[in-house]
Amino acid sequence: MSDHDDHEVREYNGIRLERIREHVWEIPREGGMNVPARVLASEALLEQIGDDKTLQQLRNATHLPGIADRAICMPDGHQGYGFPVGGVGATDVETGCISPGAIGYDINCGVRMMRTNLTYDDVVGHEEELVDALFANVPSGLGGGGIVEADRGTLEAILNRGVDWALEHGYAVEDDLAHCEDEGMRPDADPDAVSQKAKDRGKNQIGSLGSGNHFLEVQRVTDIFRPEVATEFGLEADQIVVLIHCGSRGLGHQICTDYLRRIEQEHGDLLAELPDKELAAAPAGSELAEEYYGAMCAAINFAWVNRQLIMHRTRRVFERVFDREWESMEMELLYDVAHNIGKKEVHEVGVDAEGRPAAPDDAVDRTERELYVHRKGATRAFPAGRPELPAAYRDVGQPIIIPGSMGAGSYVLRGGEESMAVSFGSTAHGAGRTMSRTQAKNEYWGETVQEELRDQEKIYVKAQSGATVAEEAPGVYKSVDEVVRVSDELGIGDKVARTFPVCNIKG
DNA sequence: ATGTGC
């Protein structure tokens, strides 16, 4: 491709980046940085990333104790609370730390895709009926309750066992568990570490989309890029699929709030050393780090049950609208991926003479270490062969689902061979916003957006609030095509298929 | 993202 020497350095808000190779930009280590940072982006995407506080937050993340190799920003990165959305940072579980802000308020926000054997022709003419039925049956918006109301014991079981609870109670089939990241259950969950306030907020939100960028979308497959992988994933052109994007609602949000406050109270010493209070972290090995990890894992399980119940309800809605059993429509889960998560994983990293993570310049060896991998607005992208992958995908690489805006459609990718070396086995998670919600509401009017999508694109959108439609207008997002192109060209997540929206319901 | 707020 084009290599221009005079384009090798960029500077945004006083932060200098050096171009390492195509789509890889490095902030060299200096001052209090423990490691360098890298941005994975095309020139066009880097321009947008340089706009706000993203690079500052990425550089701040390199100050986290025990951070390994480098902090990384994905092509869809933008500023978040303390740490970029689209950021990945891996810290040593013995000598490092865990940072709630580097995981996100919406713990296990994520996406699942369900296949069907319907084609677009089967749905044309039924869009309004379908979108109305979905909207009437899948709870969305800020209030409104969920699909099940949990008593104390039920919530405890959900937090402990995730989708395994849903299986026991008829909301899932065995096959659903086999097609979910971690089989829909994080074993390290500790419900006792979840405050009563968090539990109270979550108990009537199980099976609800929430608001903001969360949605349920019926889509059609428009493009297949790797036919042999698409076949393994059960995808083909013209097929109807369903995408569900939501997280852990008030429960995860409250856990993040609770632990940020406790870190401030109990670990002010570490906090004082960090460049931003929002990056607050609990030292590895502390009681608080263990409690937060246990609570966070419980929220992970909660979010998986949330998406499972919504999928279960969606199957029922399709049964009524198309007057067939869901099994005969082959409404099977393709995969469920988390994109706001912290997880203990083993990776090969640079280490010093004592075997502790060290910057590439100081490392005397590379060895396997157990790390807290913080993925905030980033998706796990493990390639073929990783033992964490379910049997169905172990030989082909994990499916990765990257939702675009409600006017753009989404992508299915496959975990790329380079992801372990480049990004701790991670890739992007979406298109990334280009403007604030407030700005979006000034630029767009919800009803107009809906009419244009229907009349020009045959996309049927139904929402609780017109303001939400304006905030999520297609024009407020970066190009998902460009984000995915970078992932594909870096070899961290390979393009498999593209979809286009048919019906969309949201808060 | 979020019963959108110290």
Side-chain angles (χ1 to χ4, degrees), chain A residues 52-54 57 76-87 99-111 139-146 149 194-216 244-265 277-278 280 295-296 299-300 302-304 306-307 310 337-342 374-379 403 405-406 429-442 463-473 476-477 506-507:
Chain A
D52 56 23
K53 279 162 56 186
T54 314
Q57 292 181 336
D76 53 335
H78 58 92
Q79 72 180 34
Y81 179 89
F83 186 95
V85 176
S99 170
I103 288 166
Y105 271 91
D106 191 2
I107 297 164
N108 192 6
C109 184
V111 201
S140 67
L142 279 178
E149 177 127 10
V194 179
S195 69
Q196 192 55 48
K197 192 173 180 185
K199 288 172 179 164
D200 286 342
R201 285 181 69 174
K203 68 185 179 201
N204 60 356
Q205 297 182 323
I206 309 158
S208 68
L209 280 172
S211 186
N213 65 353
H214 291 163
F215 62 79
L216 183 155
I244 295 163
H245 178 201
C246 59
S248 52
R249 307 286 274 103
L251 180 123
H253 192 278
Q254 189 63 46
I255 289 171
C256 188
T257 305
D258 289 341
Y259 281 93
L260 282 170
R261 202 177 62 209
R262 285 188 57 191
I263 288 169
E264 279 181 44
Q265 291 166 344
K277 194 179 128 185
E278 293 183 356
M296 196 251 316
I300 290 173
F302 181 93
W304 273 323
N306 190 23
R307 293 197 283 277
I310 292 169
V337 292
H339 57 221
N340 270 14
I341 204 162
H374 302 71
R375 294 191 184 93
K376 179 186 185 183
T379 314
S405 75
M406 59 183 161
H429 85 305
R433 297 188 73 86
T434 61
M435 65 177 87
S436 72
R437 296 185 174 277
T438 331
Q439 201 180 339
K441 278 183 279 196
N442 291 328
Q464 299 285 352
S465 146
T468 304
V469 179
E471 289 172 11
E472 296 298 316
V476 316
Y477 280 94
K506 55 205 301 96

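Small disclaimer: the values here were computed from a predicted structure and weren't measured. We use all heavy atoms of the structure for the numbers below, so side chains are in, but hydrogens, waters and symmetry mates are not. Letters go in sequence order (proteins before strands), and every chain restarts at 1.
If you take CD of E472(A) and C1' of dT2(B), they are 14 Å apart, rounded to a whole angstrom. Between R261(A) atom CZ and dC6(B) atom C1' there is a gap of 12 Å when expressed in whole angstrom units. Distance, D106(A) CG to dT4(B) P: 15 Å, rounded to whole Å. As rounded to whole Å, 8 Å separates atom P of dT2(B) from atom CD of Q205(A). One atom, CG of L142(A), and another, P of dT4(B), lie 8 Å apart when rounded to the nearest Å. The interatomic distance linking F302(A) (CZ) with dT2(B) (P) rounds to 11 Å, in whole Å. Atom P of nucleotide dT2(B) and atom NZ of K506(A) are separated by 11 Å, given to the nearest angstrom. Distance CG (D258(A)) to P (dT2(B)): 16 Å, rounded to an integer number of Å.
Using bins of under 30°, 30° to 60° and over 60° for the plane-to-plane angle, the ring pair H374(A)/F83(A) lands in the tilted bin.
Among the heavy atoms of the strands, none lies under 4.0 Å from T257(A). Residue K197(A) is in base contact, counting any heavy-atom pair closer than 4.0 Å across all strands shown. Residue contacts for E471(A): at a heavy-atom cut-off of 4.0 Å it reaches no nucleic acid atom on any strand shown. When heavy atoms are screened at a 4.0 angstrom cut-off, G212(A) is found touching the sugar-phosphate backbone but no base atom.
At a threshold of 4.5 Å between non-hydrogen side-chain atoms, the residues H253(A) and S248(A) do not count as touching. Considering only heavy atoms from C-beta on, V85(A) comes within 4.5 Å of H429(A) through its side chain.
K441(A) is linked by a side-chain contact (heavy atoms from CB on, under 4.5 Å) to A467(A), A470(A), E471(A), counting only residues two or more places apart in sequence or in another chain.
One finds no side-chain N or O of R437(A) lying less than 4.0 angstrom from the OP1 or OP2 phosphate oxygen of dT4(B).
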